[in-house]
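Remember, it's a predicted structure, so these values are computed and weren't measured experimentally. Protein chains get the first letters and strands the later ones, always in sequence-line order, with residue 1 at the start of each.
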Number of protein chains: 2
Amino acid sequence: MNIGDVSARSGLPAKTIRYYEDIGLIKPLREANGYRAFREQELHKLAFLGRARALGFTIEDCRSLLALYEDKSRASADVKQIAQAQLDRIEAKIRDLEAMRETLSHLIENCAGDHRPDCPILEDLENGAHLVKASE
Amino acid sequence: MNIGDVSARSGLPAKTIRYYEDIGLIKPLREANGYRAFREQELHKLAFLGRARALGFTIEDCRSLLALYEDKSRASADVKQIAQAQLDRIEAKIRDLEAMRETLSHLIENCAGDHRPDCPILEDLENGAHLVKASE
DNA sequence: TTTAGGGGTTCCAGCTAGTGGAAGGTCAAG
DNA sequence: CTTGACCTTCCACTAGCTGGAACCCCTAAA
């Protein structure tokens, strides 16, 4: 299998696949002409990676997960721990974004959005500016 | 005011302040010894930037917002449009993260997390791998 | 006077996770 | 033989900083 086939079948761009080889996530063989020769094994791993990345795991998480995936005697607790850490990060991020959403949507609601210069959005940003600490 | 004072009063790291000067967001004067000489004006702008960045605006958004902030004849509609675009981005991101959270939390719930190798999390990632398209 | 410390300065490199593009080799079809 | 679709490597770039090296400046204490 050439990289184009693997790309089509895994859904990952060829560039990304080359990059994953670069950083050692996969190790495809080479044909005599220098082309990468992928086995089902690598295709499998790439799809695994695509799914894990879609769930927001970092590349380093993926490296660990892939190692556990290959290790048939792994403990599920190891996997669960990585997944739980990722879930925690996701939940923290959601909370951050929700706070931003609240602030922004209130500001937007209160902005006339017309030709006049009065704007509660800028006023709020400026308020940030007024929170500047006094020099002591 | 030296950079250390401005950093303390705005809450932004000195490195970040230098970076903001680098990319043209602020233009502090210079003292004879080469030190940056900040006026209240720049302190104000930096706090404005800190607030805007905390709300997730990109640097380029900040550049536009700062220009509008300085332009006393601006139309609030211009500001509102930038803020609305940002709100849309935030909401899209929240939706993405919530989908990830759902998937991950179900997987984690169903994983024993013990010494045994059976793990629904890896199975799901592997399922991604089974979604690989057949070569036609 | 020297020295120590705590400022400040510039510049270069690196982080994440790729993406874009140039320059060139390979292969099958017409 | 040429065209066009592949493939290769390598370098540069993205956002928004952050870390570190090497060096300058200023004050105060020994």
Side-chain angles (χ1 to χ4, degrees), chain A residues 1-38 42 45-46 48-66 85-86 89-90 93 96-97 100 135-136, chain B residues 1-38 42 45-46 48-66 85-86 89-90 93 96-97 100 135-136:
Chain A
M1 256 185 300
N2 283 347
I3 200 168
D5 308 314
V6 181
S7 170
R9 293 179 63 192
S10 70
L12 295 173
K15 278 264 182 193
T16 300
I17 296 172
R18 290 193 195 99
Y19 173 68
Y20 285 172
E21 182 186 11
D22 246 38
I23 61 173
L25 289 178
I26 50 165
K27 295 182 184 36
L29 305 175
R30 292 296 175 133
E31 289 173 49
N33 59 11
Y35 285 20
R36 287 171 183 82
F38 294 87
E42 276 97 27
K45 278 205 202 178
L46 286 168
F48 182 101
L49 288 168
R51 179 97 174 106
R53 293 284 303 124
L55 285 172
F57 287 100
T58 67
I59 290 287
E60 287 317 303
D61 283 342
C62 288
R63 203 186 293 281
S64 308
L65 289 170
L66 218 41
Q86 169 57 4
R89 284 197 298 270
I90 287 173
K93 211 146 202 204
D96 275 8
L97 288 171
M100 290 184 199
S135 46
E136 284 144 33
Chain B
M1 254 187 301
N2 284 347
I3 201 166
D5 307 314
V6 181
S7 170
R9 293 180 61 192
S10 69
L12 295 173
K15 280 266 182 189
T16 301
I17 297 172
R18 291 195 193 98
Y19 172 69
Y20 287 172
E21 181 187 12
D22 245 39
I23 61 173
L25 289 178
I26 50 165
K27 295 181 182 37
L29 304 173
R30 293 294 175 136
E31 289 175 50
N33 60 11
Y35 286 19
R36 287 170 182 82
F38 294 87
E42 277 98 27
K45 279 204 203 178
L46 286 169
F48 181 101
L49 288 168
R51 179 97 175 109
R53 293 286 301 125
L55 284 172
F57 287 101
T58 66
I59 290 287
E60 286 318 303
D61 282 342
C62 289
R63 205 185 292 282
S64 309
L65 288 170
L66 219 41
Q86 169 58 4
R89 283 197 299 271
I90 286 172
K93 216 153 197 194
D96 275 7
L97 289 171
M100 289 184 201
S135 46
E136 284 142 32

At under 4.0 Å, does any side-chain N or O of T16(B) touch on OP1 or OP2 of dG16(D)? no
From CG of N33(A) across to C1' of dG25(C) the rounded distance in Å is 9 Å
Choose from dT8(D), dG16(D), dA17(C) the nucleotide whose nearest atom is closest to any side-chain atom of Y35(A). dT8(D)
Across the strands shown, which category fits Y20(B) at heavy-atom distances under 4.0 angstrom: base, sugar-phosphate, nothing? sugar-phosphate
Note: E21(B)-R36(B) ion pair, threshold 4.0 Å (strictly below): yes
In whole angstrom, what separates R18(A)'s CZ from dC7(D)'s P? 7 Å
What is the distance, rounded to the nearest whole Å, between atom OH of Y19(B) and atom C1' of dC12(C)? 16 Å
Starting from P on dA17(C), measure out to CZ on R53(A) and report it in whole angstrom. 5 Å
Distance test, side-chain N/O of R36(A) to OP1/OP2 of dT8(D), below 4.0 Å: yes
Look at the side chain of N33(A) and the backbone N and O of Y35(A), then say whether any donor-acceptor pair between them is shorter than 3.5 Å. yes
Kindly indicate, with the supporting measurements, whether the criterion salt bridge (charged side-chain N to carboxylate O under 4.0 Å, His left out) is fulfilled by E60(B) and R63(B). CA-CA 5 Å; E60(B) 286 318 303; R63(B) 205 185 292 282; 3.0 Å; yes
Take the protein atom CZ of F38(B) and the nucleotide atom P of dG7(C), then report the distance between them rounded to whole Å. 16 Å
Whole angstrom is fine here: how far is it from CG in L29(A) over to C1' in dC7(D)? 17 Å
Under 4.0 angstrom between R63(A) side-chain N/O and dA17(C) OP1 or OP2: no
N2(A) CG to dC6(D) P, in whole Å, measures 11 Å
Kindly determine whether R89(B) and D61(B) satisfy salt bridge (charged side-chain N to carboxylate O under 4.0 Å, His left out), including the steps that lead there. CA-CA 13 Å; R89(B) 283 197 299 271; D61(B) 282 342; 2.7 Å; yes
Which of V6(A), I3(A), L46(A) passes side chain to side chain contact (heavy atoms under 4.5 Å, CB included) with L12(A)? Answer is L46(A)
Which whole-number value in Å describes the distance from E21(A) CD to dA17(C) P? 19 Å
Which listed nucleotide (dA17(C), dG19(D), dT9(C)) is nearest to the side chain of K15(B)? dG19(D)
For I23(B), answer base if it contacts any base atom (sugar-phosphate contacts may also be present), sugar-phosphate if it contacts only those atoms, and nothing otherwise; contact means non-hydrogen atoms under 4.0 Å. nothing
